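Report on one structure; see the data block that follows.
Below, chain A is the first sequence line, B the second, and so on; all start at residue 1. Quick caveat: nothing in here was measured; it's all calculated off a predicted structure.
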Number of protein chains: 2
Amino acid sequence: MGIVERKERDREEMRKLILSAAQKLFLANGYEKVSIRNIADEIEYSPATIYLYFKDKNDLLFALHQRGFVQMVEEFRPLLLISDPFERLVEMGRSYIRFAVENPELFDLMFIMNAPMDTLEKKDWVEGDQAFGLLVQVVQECMDTGVFRKHNVEATAMMIWSAIHGYTALFLRKRLGMFPECDRQTVMDDGFTLFCQTLRHGL
Amino acid sequence: MGIVERKERDREEMRKLILSAAQKLFLANGYEKVSIRNIADEIEYSPATIYLYFKDKNDLLFALHQRGFVQMVEEFRPLLLISDPFERLVEMGRSYIRFAVENPELFDLMFIMNAPMDTLEKKDWVEGDQAFGLLVQVVQECMDTGVFRKHNVEATAMMIWSAIHGYTALFLRKRLGMFPECDRQTVMDDGFTLFCQTLRHGL
DNA sequence: CAAACCTACTGAACACTGTTCAGTAAAAAA
DNA sequence: TTTTTTACTGAACAGTGTTCAGTAGGTTTG
């Protein structure tokens with residue numbers, strides 16, 4: 001009796017169809033300018049149909065948010081091969097910033113927007129945990145190999161994440177108006193380099 | 001002929017009335033849940049009236065955003081009396097975080113939300129420039145007195161701002177789910193302390 | 001003082017939004 | 001073949017930001 005299995009497959013495919021259409025529209029026009037009706041039009045179904053596959057708009061956004069993490073982990077995977085832990089840490093930071101610049105809408109959804117986190121609320125944030133785990137691990141190695149002094153690992157990881165995230169958050173939300181437009185990305189890169197130096201020798 | 005002056009005063013007062021009502025509602029319910037109609041109801045005028053005083057909703061949000069900066073500068077003023085530049089820098093950072101935690105909605109509007117920056121676009125961001133200027137100044141003093149090595153001042157100031165901003169941005173947008181709720185603020189404070197140490201001696 | 005003008009304001013509308021639900025046609029099970 | 005289940009939709013609801021013709025009342029002019 002393969003019917004229920006086929007139905008399940010169909011259902012999963014419909015979810016993917018919706019998500020792909022949504023992603024396409026979101027990345028093209030920004031999250032604020034895409035409505036459920038737009039997505040429905042794109043896949044040539046009624047708006048109500050989308051609600052058979054997603055609880056509400058936030059649920060849909062959360063699914064895209066998860067996709068974003070899959071993509072990000074994919075891009076980070078090669079970095080895990082770098083043997084020197086500090087060098088690996090630096091490259092992870094650089095990739096974080098690059099990911100934000102190259103996929104601004106997706107990054108926004110993953111780390112800045114409120115919407116996807118509202119669906120979570122109580123439950124815990126598996127993707128976040130995993131990604132943060134990667135960072136904690138590399139920081140731990142830096143301490144083990146004597147690159148960093150021994151501190152609370154999680155607090156240290158948190159400090160590094162925040163420092164790097166700060167650039168991206170200010171950049172994406174247009175708070176770098178004090179720098180000429182053309183310089184903004186350079187400012188971020190230079191700032192990051194300076195931060196890496198500071199980690200090793202202080203300011 | 002004081003009539004035109006009185007009209008001007010009336011007009012200014014109406015703007016204040018609208019802004020105060022808006023601020024009250026926004027701080028109570030969050031920006032996403034307050035509509036122009038809600039604000040109009042609060043001041044017992046028609047919604048259309050608000051458009052005689054503000055171009056659109058973003059314009060109104062931008063006015064509140066400016067108010068936020070006035071309030072923030074007010075809270076920062078006493079810190080400028082601290083003579084030791086590094087100590088002053090540390091206290092400024094601590095105040096930034098405190099301001100974010102104590103006025104989450106306002107801080108969000110000032111440093112995270114898209115809406116108020118959309119009205120700016122071309123023009124430059126005076127409030128941001130000023131606030132950043134304060135930071136640049138204290139960093140410069142830290143370099144002059146030999147607390148920091150000499151680097152590009154603006155890049156250094158930017159690095160420090162980003163590092164501190166990162167905590168607030170992740171905290172306010174609920175990306176600290178990997179820590180138990182009760183610890184989140186401690187994590188921020190400990191992280192900040194660690195960052196200050198790192199600035200002086202490296203990690 | 002009366003007539004003209006101007007200004008502040010409003011009701012109603014427009015084109016949207018997310019979301020729900022009764023109803024329908026087709027597929028699956030009996 | 002009949003019954004049941006499933007997938008889908010049109011239409012509606014209650015809300016949003018925004019615009020605009022129309023009006024009442026204060027201000028200026030003849």
Side-chain angles (χ1 to χ4, degrees), chain A residues 1-19 21-22 25-26 28-65 109 113-119 121, chain B residues 1-19 21-22 25-26 28-65 109 113-119 121:
Chain A
M1 175 109 9
I3 285 178
V4 301
E5 290 169 9
R6 195 207 62 205
K7 292 238 166 171
E8 197 124 329
R9 261 190 290 117
D10 284 1
R11 199 180 158 72
E12 200 50 48
E13 223 158 281
M14 187 63 168
R15 267 184 75 97
K16 278 186 194 161
L17 183 67
I18 295 171
L19 283 175
L25 292 176
F26 282 141
N29 311 332
Y31 294 98
E32 290 173 358
K33 281 169 193 154
V34 177
S35 68
I36 296 285
R37 281 176 179 80
N38 296 154
I39 300 169
D41 279 0
E42 178 75 20
I43 58 173
E44 297 177 291
Y45 277 79
S46 144
T49 302
I50 290 174
Y51 288 87
L52 300 174
Y53 296 87
F54 297 94
K55 196 180 131 283
D56 54 24
K57 200 184 181 185
N58 284 352
D59 192 33
L60 200 158
L61 283 172
F62 181 68
L64 287 179
H65 159 111
L109 182 64
M113 280 182 62
N114 278 321
M117 298 323 259
D118 290 345
T119 11
E121 281 303 303
Chain B
M1 177 92 26
I3 285 177
V4 300
E5 290 170 9
R6 196 208 62 206
K7 292 239 166 167
E8 196 124 328
R9 260 189 291 118
D10 283 359
R11 199 179 157 73
E12 201 50 47
E13 223 157 281
M14 187 61 167
R15 267 183 75 98
K16 278 185 193 161
L17 182 68
I18 295 171
L19 283 176
L25 292 176
F26 282 141
N29 311 333
Y31 293 99
E32 290 174 356
K33 282 171 192 153
V34 177
S35 67
I36 296 285
R37 282 177 178 80
N38 295 154
I39 300 169
D41 279 0
E42 177 76 19
I43 58 173
E44 296 176 293
Y45 277 80
S46 144
T49 303
I50 290 174
Y51 288 87
L52 301 173
Y53 296 87
F54 297 94
K55 194 180 131 284
D56 54 25
K57 200 184 180 186
N58 283 352
D59 192 32
L60 200 160
L61 283 172
F62 181 69
L64 287 179
H65 159 109
L109 182 64
M113 280 182 61
N114 278 321
M117 298 322 260
D118 290 346
T119 17
E121 281 304 302

Rounded to whole Å, how long is the line connecting atom [atom1] of [X] with atom [atom2] of [N]?
| X | N | atom1 | atom2 | result |
| --- | --- | --- | --- | --- |
| A:Asp56 | C:dT19 | CG | C1' | 9 Å |
| A:Phe54 | C:dG18 | CZ | P | 15 Å |
| B:Glu32 | D:dG17 | CD | P | 12 Å |
| A:Ile36 | D:dA11 | CD1 | C1' | 18 Å |
| B:Ile39 | D:dG17 | CD1 | P | 8 Å |
| B:Glu8 | C:dA8 | CD | P | 11 Å |
| A:Ile50 | D:dG10 | CD1 | C1' | 15 Å |
| B:Glu44 | C:dT10 | CD | P | 11 Å |

* **Gap separating the NZ atom of A:Lys16 from the OH atom of A:Tyr53, nearest 0.5 angstrom** => 14.0 Å

* Value rounded to 0.5 Å, distance of CG in A:Asn114 from CE in B:Met113 ->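 Output value for this atom pair is 9.5 Å.
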
* Between B:Leu52 and A:Lys33, name the one whose nearest nucleotide on DNA chain C is closer to the 5' end. => B:Leu52

* Asked: Is a salt bridge present between B:Arg37 and B:Asp41, judged by a nitrogen-to-oxygen distance below 4.0 Å?
  ->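 No.
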
* Asked: At under 4.0 Å between heavy atoms, what does B:Arg11 touch on the DNA or RNA strands: base, sugar-phosphate, or nothing?
  -> nothing

* Contact class for B:Thr49 vs. all strands (heavy atom < 4.0 Å): base, sugar-phosphate, or nothing? ->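 Base: the residue B:Thr49, judged by heavy atoms under 4.0 Å, touches a nucleobase.
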
What donor-acceptor contacts under 3.5 angstrom involve side-chain atoms of residues 43-50 of chain A, with partners at least two apart or in another chain?
residue, atom, partner, partner atom, Å
A:Ser46, OG, A:Ala48, N, 3.1
A:Thr49, OG1, A:Ser46, O, 3.3

Considering only heavy atoms from C-beta outward, does the side chain of [X] approach that of [Y] to under 4.5 Å?
| X | Y | result |
| --- | --- | --- |
| B:Met117 | B:His65 | yes |
| B:Phe26 | B:Leu109 | no |
| B:Pro116 | B:Asn58 | no |

* To do: Return no unless some side-chain N or O of A:Tyr53 is found under 4.0 Å from OP1 or OP2 of D:dC8.
  =>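 Checking D:dC8 against A:Tyr53, a side-chain N or O does come within under 4.0 Å of OP1 or OP2.
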
* So, is A:Arg6 near the phosphate of C:dA28, with a side-chain N or O under 4.0 Å from OP1 or OP2? -> yes

Side chain of [X]: nearest nucleotide among [options]?
| X | options | value |
| --- | --- | --- |
| A:Asn38 | C:dG11, D:dT18, C:dT17 | C:dT17 |
| A:Met14 | C:dT19, D:dC8, C:dT17 | D:dC8 |
| A:Ala48 | C:dG11, C:dC21, D:dC8 | C:dC21 |
| B:Tyr51 | D:dT18, C:dT10, C:dG18 | D:dT18 |
| A:Lys57 | C:dG18, D:dC8, D:dT18 | C:dG18 |
| A:Lys7 | C:dT19, C:dT17, C:dA28 | C:dA28 |

* Partners meeting side chain to side chain contact (heavy atoms under 4.5 Å, CB included) with B:Asp59 (sequence neighbours left out) ->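 For B:Asp59, the residues satisfying side chain to side chain contact (heavy atoms under 4.5 Å, CB included) (neighbours in sequence not counted) are B:Phe54, B:Lys55, B:Asp56, B:Thr119.
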
* Going by modelled atom types, is there a donor-acceptor pair between the base of C:dG18 and the side chain of A:Arg37 at under 3.5 Å? -> yes

* Secondary-structure stems, DNA chain C, at least 3 Watson-Crick or G-U base pairs under 3.5 Å -> C:5-30 with D:1-26

